[in-house]
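Inspection log for the structure reproduced underneath, given as structure tokens.
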Amino acid sequence: MEPLTTVDAELTVKEAYYIQLENIQKKVEQGQKIVGKKIGLTSLAMQNLLGVDEPDYGHLLDRMVVENGGHISIEQVLQPKVEAEIAFILKSDLKGPNVTALDVLQATEYVVPALEIVDSRVRDWKIKLPDTIADNASSGFYVLGGKPTRIEEIDLELIGMVLTKNGELVNTGVGAAALGNPATCVAWLANKLAEFDIPLRAGEVILSGALSAAEAARAGDSFTARFAHIGQVSVHF
């Protein structure tokens with residue numbers, strides 16, 4: 001489709017979130033379950049590209065889950081890209097406002113490496129911020145891997161990541177690439193959701209934001225992200 005912002009140039013970010021919520025509610029009514037949230041636009045480069053000064057978020061549904069090492073049919077996606085990030089699994093609820101990064105650490109059961117497959121219904125990814133928000137923050141699928149690792153065993157800011165595509169290095173990153181610390185991203189999310197009276201729930205998966213640029217995927221491609229201390233995760237198309 002064409003960007004919503006070409007249909008309505010006055011579309012606001014808040015209106016776009018309500019569009020997202022409306023469509024998520026329809027999916028829930030059809031039997032899908034909300035299993036977490038994803039955070040996007042956590043890097044300064046991506047924020048500058050879209051001319052914004054904060055991240056965005058989308059909902060994760062149970063039908064988006066792919067097993068580690070699993071396959072995604074290219075017929076299930078439109079124009080997919082792969083990002084490597086750190087996933088937080090919560091052990092207690094978080095509800096803003098005023099949630100801090102320390103609150104996030106205390107509410108986290110463990111972290112694992114993740115791949116997010118972002119996708120867009122907007123032709124050629126020609127999106128502005130309201131376009132991607134309305135499209136559930138361009139969520140497609142996600143993969144969790146590695147080994148569950150407790151927060152106190154690692155330094156989130158210093159975790160290094162290497163992303164390979166078909167065995168060749170395509171990206172590297174570090175935890176600090178996501179707003180300085182991935183826990184800061186999760187705190188932002190909890191506080192942003194407070195505007196809509198939505199909490200983060202115990203047991204939810206929170207994808208905290210890409211540690212490097214998204215890499216386009218095509219049929220036959222395989223991706224593996226290796227993270228220091230917490231293991232690796234892979235997916236095939």
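What you are looking at is a predicted structure, and each value in this text was computed from that prediction instead of being measured.
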How many angstroms lie between CG in D56 and NZ in K192, if you round to the nearest 0.5 Å?
-> 9.5 Å
Output a table of donor-acceptor pairs, distance under 3.5 Å, between side-chain atoms of residues 77-88 and any protein atom two or more places apart or on a different chain; print 'none' if there are none.
{"unit_1": "Q79", "atom_1": "OE1", "unit_2": "D124", "atom_2": "N", "d": "3.3"}
{"unit_1": "Q79", "atom_1": "NE2", "unit_2": "S120", "atom_2": "O", "d": "3.0"}
{"unit_1": "Q79", "atom_1": "NE2", "unit_2": "V122", "atom_2": "O", "d": "2.6"}
{"unit_1": "E85", "atom_1": "OE1", "unit_2": "G209", "atom_2": "N", "d": "3.0"}

Heavy-atom closest pair, residues G145 and N68 | CA-ND2, 3.6 Å
Applied to residues 22-35, the side chain to side chain donor-acceptor pair (under 3.5 Å) test, sequence neighbours excluded, yields Q25-E29
List the atom of S138, the atom of I127, and the distance in Å for their closest heavy-atom pair.
-> OG-CD1, 4.4 Å
Partners meeting side-chain hydrogen bond (donor to acceptor under 3.5 Å, both in side chains) with N136 (sequence neighbours left out) = none
Rounded to the nearest 0.5 angstrom, the CG-CG distance for N171 and L169 is 7.5 Å
E215: side-chain hydrogen bond (donor to acceptor under 3.5 Å, both in side chains) partners, not counting sequence neighbours | none
Residues pairing under salt bridge (Lys or Arg N to Asp or Glu O under 4.0 Å) where one sits in residues 226-237, two or more places apart or in two chains, turn out to be none
For atom CD of E153, decide whether the heavy atoms of other residues, nucleotides or ligands shown that lie under 6.0 angstrom number more than 12.
-> yes
Return yes when atom NZ of K126 has more than 12 non-hydrogen atoms of other residues, nucleotides or ligands closer than 6.0 Å, and no otherwise.
-> no
With sequence neighbours excluded, residues passing salt bridge (Lys or Arg N to Asp or Glu O under 4.0 Å) with E109 = R150
Using salt bridge (Lys or Arg N to Asp or Glu O under 4.0 Å) as the criterion, list what pairs up with E157, not counting sequence neighbours.
-> none
Can you name the residues that form a ring pair (Phe, Tyr, Trp, His ring centres under 6.0 Å) with F196, not counting sequence neighbours?
-> Y17, Y18
Rounded distance (nearest 0.5 Å) linking atom CD of Q232 with atom CE of M161 = 13.0 Å
The side chain to side chain contact (heavy atoms under 4.5 Å, CB included) partner of I206 among L200, V111, L60 is L200
More than 12 heavy atoms from other groups under 6.0 Å of CD on E152 | yes
Closest heavy-atom contact between Q106 and K91?
-> O-CE, 3.0 Å
Residues passing the salt bridge (Lys or Arg N to Asp or Glu O under 4.0 Å) test with D221, sequence neighbours excluded, are K165
At what distance, to the nearest 0.5 angstrom, does CD1 of I133 lie from CG of L41?
-> 7.5 Å
Linked, directly or transitively: I89 and Y142 (ILVMFWY side chains, under 4.5 Å) | yes
Would you name the heavy atoms of F141 and R63 that are closest together and state the gap between them?
-> CE2-O, 3.7 Å
Any side-chain heavy atom of E15 within less than 4.5 Å of one from P130?
-> no
Counterpart residues, side-chain hydrogen bond (donor to acceptor under 3.5 Å, both in side chains), relative to D135 (two or more places apart) = R121
T149 OG1 to I230 CD1 distance, which is reported to the nearest 0.5 Å = 6.0 Å
Would you say the side chain of V65 lies within less than 4.5 Å of the side chain of V205, judging by non-hydrogen atoms?
-> no
Trace of the side-chain contact (heavy atoms from CB on, under 4.5 Å) decision for L21 with H59 | CA-CA 9 Å; L21 287 170; H59 289 70; 3.6 Å; yes
Hydrophobic cluster identity match, Y57 and I19, side-chain contacts under 4.5 Å = no
L105, W188: one ILVMFWY side-chain cluster at the under-4.5 Å cut-off?
-> yes
Residues in ring pair (Phe, Tyr, Trp, His ring centres under 6.0 Å) with H236, at least two apart?
-> H71
Ignoring hydrogens and geometry, is there a side-chain-to-backbone donor-acceptor pair from T224 to S234 under 3.5 Å?
-> no
Spell out, yes or no, whether L144 and L90 are grouped together once hydrophobic residues are joined by side-chain heavy atoms under 4.5 Å, including indirect joins.
-> no
Partners of T5 by side-chain hydrogen bond (donor to acceptor under 3.5 Å, both in side chains), sequence neighbours excluded?
-> D131
L207 and V104: same hydrophobic cluster, using ILVMFWY side-chain contacts below 4.5 Å?
-> no
Between the CD1 atom in I72 and the CG atom in D119, the distance rounded to the nearest 0.5 Å is 9.5 Å
Identify the heavy atoms of F223 and A216 that sit nearest to each other, and give their distance.
-> CZ-O, 3.6 Å
Residue that, paired with L94, satisfies side chain to side chain contact (heavy atoms under 4.5 Å, CB included) out of N191, D103, L193, L189 | D103
With side chains defined as the heavy atoms from C-beta onward, is the minimum distance between L115 and L163 less than 4.5 Å?
-> yes
Contact summary for V66 and V235, nearest pair of heavy atoms = CG1-CG2, 4.3 Å
